[in-house]
Amino acid sequence: MLHPAYPLRTERLLLRPFHTSDAPALHAYQSRADVCRYIPYPPRTLDTVRERIDAATSVLDEPDSALLLAVVRSEDDVLVGDVMLRWISREHANGEIGYVFDPRYQGHGYATEAANELLRLGFEELDLHRIIARVDARNAASIAVLQRIGMRQEAYLRENEWFKGEWTDEIDFAVLASEWRSWQ
């Protein structure tokens with residue numbers, strides 16, 4: 001089980017549960033086709049964003065559930081992105097991370113900083129053994145984030161998924177708790 005003490009603080013960011021007031025800022029980038037190109041959902045309406053905020057969880061009590069958190073700059077409380085930590089299996093102590101950032105705030109290292117915090121949360125607080133990330137092979141920016149946080153490529157899956165009207169390749173990354181701890 002994972003019941004974090006919020007907000008989670010990094011050098012420049014706060015990771016916290018979503019507030020209903022986050023809906024316009026979240027919608028500003030989740031409604032964009034270019035942002036949604038490599039992620040499972042299509043561009044979202046404001047109503048859909050509000051529904052997702054209402055359904056978002058900030059604790060993990062059971063496997064096959066996910067934390068969905070807002071990422072805000074600590075200096076001015078501006079929403080710059082959102083992150084996900086999914087608890088896949090209790091028996092195998094596996095998890096998965098994911099993230100989406102507003103293009104206006106990309107290129108500042110925020111995704112790397114937030115993804116590092118997800119690894120810390122998964123390994124230190126949820127006591128996971130292994131954390132994975134799956135990415136569309138065309139998403140060079142996301143691949144670079146995963147490499148910067150020390151995740152290694154484990155698989156390149158050619159045309160493994162019919163995704164938004166085309167066959168796409170997926171790259172799977174992973175890191176073990178023992179590897180992550182050796183870097184800390």
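- In the hydrophobic clustering, where aliphatic and aromatic side chains (Ile, Leu, Val, Met, Phe, Trp, Tyr) are joined below 4.5 Å either directly or transitively, L157 stands alone.
- The backbone N or O of P43 lies less than 3.5 Å from no partner atom in the side chain of S31, so there is not a single donor-acceptor pair.
- Residues M1 and L128 do not share a hydrophobic cluster, defined by chaining ILVMFWY side chains whose heavy atoms lie under 4.5 Å apart.
- Between the OG1 atom of T45 and the CZ atom of R50 there is a distance of 9.0 Å, given to the nearest 0.5 Å.
- A114 approaches V83 most closely through the heavy-atom pair CB-CG1, 3.9 Å.
- Using a 4.5 Å heavy-atom cutoff, the side chains of L13 and R73 are in contact.
- To the nearest 0.5 angstrom, Q184 atom CD is 8.5 Å from L119 atom CG.
- Comment: E117 does not engage R9 in a salt bridge, judged by the lack of any side-chain N to carboxylate O separation of less than 4.0 angstrom.
- Annotation: side chain of I39 is not in contact with side chain of N139 (no heavy-atom distance under 4.5 Å).
- In this structure, K164 and Y41 approach most closely via the heavy-atom pair NZ-O, 3.0 Å.
- Salt bridge annotation for E96-R130: absent, with no cationic side-chain nitrogen under 4.0 angstrom from a carboxylate oxygen.
- Interatomic distance, CE of M151 versus CD1 of I132, reported as 7.5 Å (0.5 Å rounding).
- Side chains of D82 and Q30 form a contact here, defined as non-hydrogen atoms less than 4.5 Å apart.
- Under a hydrophobic-cluster definition in which Ile, Leu, Val, Met, Phe, Trp and Tyr are linked whenever side-chain heavy atoms come within less than 4.5 Å, directly or via other members, L118 and W87 are assigned to the same cluster.
- Residues R16 and Y6 come closest through the heavy atom pair CA-CD2, 3.9 Å.
- The shortest side-chain heavy-atom distance between P63 and I88 does not fall under the 4.5 Å cut-off.
- Put simply, the side chain of E179 gets close to the backbone of L176: a donor and an acceptor are under 3.5 Å apart.
- Taking hydrophobic clusters as Ile, Leu, Val, Met, Phe, Trp and Tyr residues chained together by side-chain heavy-atom distances below 4.5 Å, I149 shares a cluster with V80.
- For the residue pair T168 / Y38, no side-chain donor-acceptor distance below 3.5 Å is found, with atom types taken as modelled.
- Taking both residues in full, the closest heavy atoms of L85 and L60 are given as O-CD1, 4.1 Å, listed atom of the first, atom of the second, then distance.
- A donor-acceptor pair under 3.5 Å is formed between the side chain of D22 and the backbone N or O of H19.
- F18 CZ to L26 CG: the interatomic distance, rounded to the nearest 0.5 Å, is 5.0 Å.
- Here R37 pairs with nothing under the salt bridge (Lys or Arg N to Asp or Glu O under 4.0 Å) rule; sequence neighbours left out.
- The CG atom of L121 lies 8.5 Å from the CG atom of L15; values are rounded to the nearest 0.5 Å.
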Inset, instruction - May I have the step-by-step check of side chain to side chain donor-acceptor pair (under 3.5 Å) for S142 and Y99, ending in yes or no? - result: CA-CA 9 Å; S142 190; Y99 43 83; 2.8 Å; yes
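- Shortest non-hydrogen contact noted between R12 and Y110 is NH1-CE2, 3.4 Å.
- Both L146 and V175 belong to a common hydrophobic cluster when Ile, Leu, Val, Met, Phe, Trp and Tyr are linked at side-chain heavy-atom distances under 4.5 angstrom.
- A donor-acceptor pair shorter than 3.5 Å can be found between the side chains of E113 and T10.
- In this structure D61 satisfies the salt bridge (Lys or Arg N to Asp or Glu O under 4.0 Å) test with no other residue, sequence neighbours excluded.
- Relative ring orientation between W167 and W162 is described as perpendicular, the plane-to-plane angle rising above 60° on a 0-90° scale split at 30° and 60°.
- Cation-pi contact between R120 and F123: absent, since separation from the ring centre below 6.0 Å together with deviation from the ring axis within 45° is not met.
- A 6.0 Å sphere centred on CZ of R52 holds no more than 12 heavy atoms belonging to other residues, nucleotides or ligands.
- Within the 4.5 Å cutoff, side-chain heavy atoms of V100 are placed close to those of V35.
- Between V71 and L79 there is no side-chain heavy-atom pair separated by less than 4.5 Å.
- Separation of atoms CG (L126) and CD (E124) is listed at 12.0 Å; rounding is to 0.5 Å.
- Under a hydrophobic clustering in which Ile, Leu, Val, Met, Phe, Trp and Tyr are joined whenever their side-chain heavy atoms come within less than 4.5 Å, directly or via other members, I143 and Y156 fall into the same cluster.
- Y29 contributes no side-chain N or O that, together with a main-chain N or O of R104, makes up a donor-acceptor pair within less than 3.5 Å.
- Here the closest heavy-atom approach between residue G122 and residue I131 is recorded as CA-CD1, 4.0 Å.
- You'll find the side chain of F163 reaches within 4.5 Å of the side chain of D136, heavy atoms only.
- The main-chain N or O of R134 is never found under 3.5 Å from a side-chain atom of E170 such that the two would form a donor-acceptor pair.
- With contacts defined as side-chain heavy-atom distances shorter than 4.5 Å, the pair L67/L2 qualifies.
- For Q106 (side chain) and F101 (main-chain N/O), a donor-acceptor pair under 3.5 Å exists by modelled atom type.
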